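These numbers were taken from a predicted model, which means no experiment stands behind them.
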Number of protein chains: 2
Amino acid sequence: MRILVIEDETKVGCFIKRALDEESYAVDLCEDGAKGLQMALNTNYDLLIVDLMLPSLSGLEILKGVRQARIQTPILILTAQSQVDQRVKGLDAGADDYLTKPFAIDELLARIRALLRRGSTESPGVLQIDDLALNPATREVTRGGQRIELTLKEYALLEYLMRHTGRVLTRPMISEHVWNQDFDTFTNVIDVYVNYLRNKIDRGRSKKLIHTIRGSGYMLKAD
Amino acid sequence: MRILVIEDETKVGCFIKRALDEESYAVDLCEDGAKGLQMALNTNYDLLIVDLMLPSLSGLEILKGVRQARIQTPILILTAQSQVDQRVKGLDAGADDYLTKPFAIDELLARIRALLRRGSTESPGVLQIDDLALNPATREVTRGGQRIELTLKEYALLEYLMRHTGRVLTRPMISEHVWNQDFDTFTNVIDVYVNYLRNKIDRGRSKKLIHTIRGSGYMLKAD
DNA sequence: GTCTTCAATGACTAGAATGCGCATAGTTGT
DNA sequence: ACAACTATGCGCATTCTAGTCATTGAAGAC
């Protein structure tokens with residue numbers, strides 16, 4: 001998960017970065033508003049944390065810039081206690097959440113989890129569909145409480161499927177996210193790996209979770 | 001927009017209800033936790049506002065109950081200033097946002113706008129005509145709540161029809177969009193597939209949705 | 001007007017052709 | 001030895017062709 005922090009106060013910025021690093025997020029820190037907007041537009045972040053009070057470019061303008069570019073990335077804004085009207089404006093300009101300084105680091109982390117969770121539709125921490133559970137932190141996968149061993153690629157594929165439960169995932173989509181490359185029509189790797197996963201996850205169970213949508217792709221779904 | 005407020009303090013509850021009424025939201029107020037959960041499960045609200053400190057059932061349990069029922073409705077929780085760990089738990093349990101009491105009514109309204117806006121952008125797609133619904137994200141088609149299985153071409157054709165409801169669609173137009181090729185007069189694929197669709201969608205129903213415009217083409221229409 | 005006729009258009013069906021997805025075996029690379 | 005990928009053939013759902021049957025509506029007879 002990649003996070004961009006735009007915050008001019010070096011002390012606060014470093015404090016946040018350290019805390020996020022510890023939670024093993026990939027963090028970029030930027031102390032300048034204009035440069036920060038550029039980065040937000042160019043890189044595909046999963047979350048933006050923006051201070052509303054910045055020197056070169058106000059946080060509000062960054063917000064508007066990002067939303068005008070139709071980028072849906074969740075944005076959390078930081079404000080001083082006094083700036084009530086500022087954060088109202090911020091929320092109306094497309095921010096998803098705010099935090100008033102000074103804040104407890106636990107609270108920041110909780111809100112980040114909430115925002116990241118919202119983007120995809122899974123539960124906090126472990127992903128769960130029916131009796132199948134995947135814990136991204138430990139890379140542990142279980143079904144019905146029973147441990148399932150997966151290879152790297154199998155795991156990556158399953159995580160992608162679980163993060164988009166109930167949606168049809170086309171081969172190009174899967175290829176892009178799991179193999180990060182353009183889709184080559186003349187290979188059937190995806191089919192093969194779906195087959196591997198089926199053997200380990202659905203084989204012998206009455207309730208199948210991996211469904212094929214003929215002509216389109218695959219879908220993970222409980223019923 | 002329909003909002004459910006679960007708040008035991010009559011004064012606060014009425015205060016919120018009045019403010020939301022003024023913004024012309026449809027507001028239900030409930031002072032009991034257990035009853036509130038029932039209402040949340042039975043009615044399709046656009047937003048829930050839940051006080052964490054409730055008598056019969058804690059707000060946290062309501063949260064969990066709603067999320068366990070796989071209801072994705074955005075939830076905003078209300079907490080006292082002191083309960084930092086409570087709201088962390090709340091966010092982790094699936095709440096989308098929180099507000100500490102006492103709060104400015106403007107701020108509540110801003111957060112509600114933010115939450116409602118988010119919901120609408122997440123599910124842009126469900127196409128609906130009469131009791132026929134098509135969800136492009138999941139490729140799910142239902143009529144009167146009943147699931148209908150379609151093949152790829154059938155689905156593509158129906159999606160095209162639904163995206164142009166009430167307009168006459170000629171065979172060349174359909175061919176171009178669904179078969180992406182120039183129209184070949186010497187084939188009757190389109191007629192055949194319209195027939196397939198009719199069997200699955202209109203057959204046995206009093207209200208027909210697929211109409212043929214003799215000499216021109218076809219049209220999807222409710223009446 | 002109203003019937004009849006008839007050609008054009010669309011509805012429907014059976015079955016042939018296609019090509020998708022599955023499985024498994026084989027190959028490469030670490 | 002194991003993971004990652006390629007190659008291949010088979011079964012079958014899907015797609016399409018081709019043919020027959022039904023419906024429509026306009027022209028002509030009365």
Side-chain angles (χ1 to χ4, degrees), chain A residues 139-141 147-161 168-205 208-221, chain B residues 139-141 147-161 168-205 208-221:
Chain A
R139 295 194 150 245
E140 232 174 33
V141 176
R147 183 72 192 277
I148 294 173
E149 297 291 343
L150 296 180
T151 72
L152 263 176
K153 274 278 141 60
E154 287 166 359
Y155 174 85
L157 175 58
L158 181 62
E159 181 175 345
Y160 180 61
L161 291 174
V168 180
L169 303 172
T170 66
R171 269 160 249 265
M173 282 163 75
I174 295 172
S175 173
E176 196 175 308
H177 283 89
V178 180
W179 274 264
N180 41 52
Q181 64 184 355
D182 290 332
F183 186 58
D184 171 16
T185 343
F186 301 107
T187 181
N188 67 338
V189 227
I190 295 174
D191 304 49
V192 172
Y193 270 83
V194 167
N195 189 37
Y196 289 163
L197 268 188
R198 278 197 169 125
N199 286 340
K200 294 189 177 181
I201 286 173
D202 275 347
R203 174 67 48 95
R205 316 249 176 186
K208 309 294 183 195
L209 296 178
I210 303 175
H211 304 272
T212 100
I213 315 299
R214 190 162 226 270
S216 297
Y218 296 95
M219 178 155 95
L220 198 72
K221 209 176 159 220
Chain B
R139 252 202 62 173
E140 228 171 37
V141 176
R147 182 75 193 276
I148 295 173
E149 299 290 344
L150 297 180
T151 72
L152 189 66
K153 273 277 142 60
E154 288 165 0
Y155 175 85
L157 175 58
L158 180 62
E159 183 174 344
Y160 179 61
L161 291 174
V168 180
L169 303 171
T170 65
R171 268 161 251 264
M173 282 163 75
I174 294 173
S175 174
E176 194 176 313
H177 283 90
V178 180
W179 275 263
N180 39 40
Q181 65 186 354
D182 291 332
F183 185 59
D184 171 16
T185 345
F186 301 107
T187 179
N188 67 335
V189 227
I190 294 174
D191 303 50
V192 171
Y193 271 83
V194 167
N195 186 39
Y196 288 164
L197 268 189
R198 280 215 247 246
N199 285 340
K200 293 189 177 180
I201 286 173
D202 276 347
R203 172 68 49 94
R205 316 248 176 188
K208 309 296 182 193
L209 296 178
I210 302 175
H211 305 273
T212 99
I213 314 300
R214 190 158 228 271
S216 300
Y218 297 94
M219 178 156 92
L220 199 71
K221 211 175 157 219

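A/Asn199 places its CG atom 13 Å from the P atom of C/dA25, with the value rounded to the nearest Å. In this structure, CG of B/Asn188 is placed 16 Å from P of D/dC21, rounded to the nearest angstrom. Note: CG (B/Leu197) to P (C/dG10) measures 17 Å, nearest angstrom. Whole-Å rounding puts the B/Ile213 CD1 to D/dT23 P distance at 18 Å. Atoms NE2 (B/His211) and P (C/dG10) sit 16 Å apart, rounded to a whole Å. Rounded to an integer number of Å, the gap from CG of B/Leu157 to C1' of D/dC16 is 14 Å. One can place CZ of B/Arg203 at 12 Å from C1' of C/dT13, the figure rounded to the nearest angstrom. Computed from coordinates, the B/Tyr193 OH to D/dA18 C1' distance equals 15 Å when rounded to whole Å.
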Given the rule in the salt bridge (charged side-chain N to carboxylate O under 4.0 Å, His left out) test, do B/Arg139 and B/Glu159 qualify, once you have shown the distances and angles that lead to the verdict? CA-CA 10 Å; B/Arg139 252 202 62 173; B/Glu159 183 174 344; over 6 Å; no

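Proximity of A/Asn195 to the phosphate of C/dA23: a side-chain N or O atom is located under 4.0 Å from OP1 or OP2. B/Thr187 has a side-chain polar atom (N or O) that falls below the 4.0 Å cut-off from OP1 or OP2 of D/dT17. Taking side-chain N and O atoms only, B/Arg171 has a distance below 4.0 Å to OP1 or OP2 of C/dG10. The phosphate of C/dC22 has OP1 or OP2 within less than 4.0 Å of a side-chain N or O from A/Tyr218.
Closest to the side chain of B/Trp179, from the set D/dC5, D/dC16, C/dA11, is D/dC16. Nearest nucleotide to the A/Thr151 side chain, out of D/dT17, D/dA4, C/dA11: D/dA4. Of the listed nucleotides (D/dC5, C/dG10, D/dC16), C/dG10 has the atom at the smallest distance from the side chain of B/Asp191. Nearest nucleotide to the side chain of B/Thr212, out of C/dC12, C/dA11, D/dT6: C/dA11. Considering only the side chain of A/Arg198, C/dC22 comes nearest among C/dA11, D/dC5, C/dC22. Among D/dA4, D/dA7, D/dG11, the nucleotide with an atom closest to any side-chain atom of A/Arg214 is D/dG11.
A/Val194 comes within 4.0 angstrom of no nucleic acid atom, judged by non-hydrogen atoms across all strands.
A ring-centre distance under 6.0 Å is found for B/Tyr193 and B/Trp179.
A distance of 11.5 Å separates OG1 in B/Thr212 from CG in B/Asn195, rounded to the nearest 0.5 Å.
Remark: the B/Tyr196 side chain and the D/dC16 base include a donor-acceptor N/O pair separated by less than 3.5 Å.
A salt bridge does not link B/Arg171 to B/Glu176: none of the charged nitrogens lies less than 4.0 Å from a carboxylate oxygen.
Taking all atoms of both residues into account, the shortest heavy-atom contact from B/Glu149 to B/Glu154 is O-OE1, 4.3 Å.
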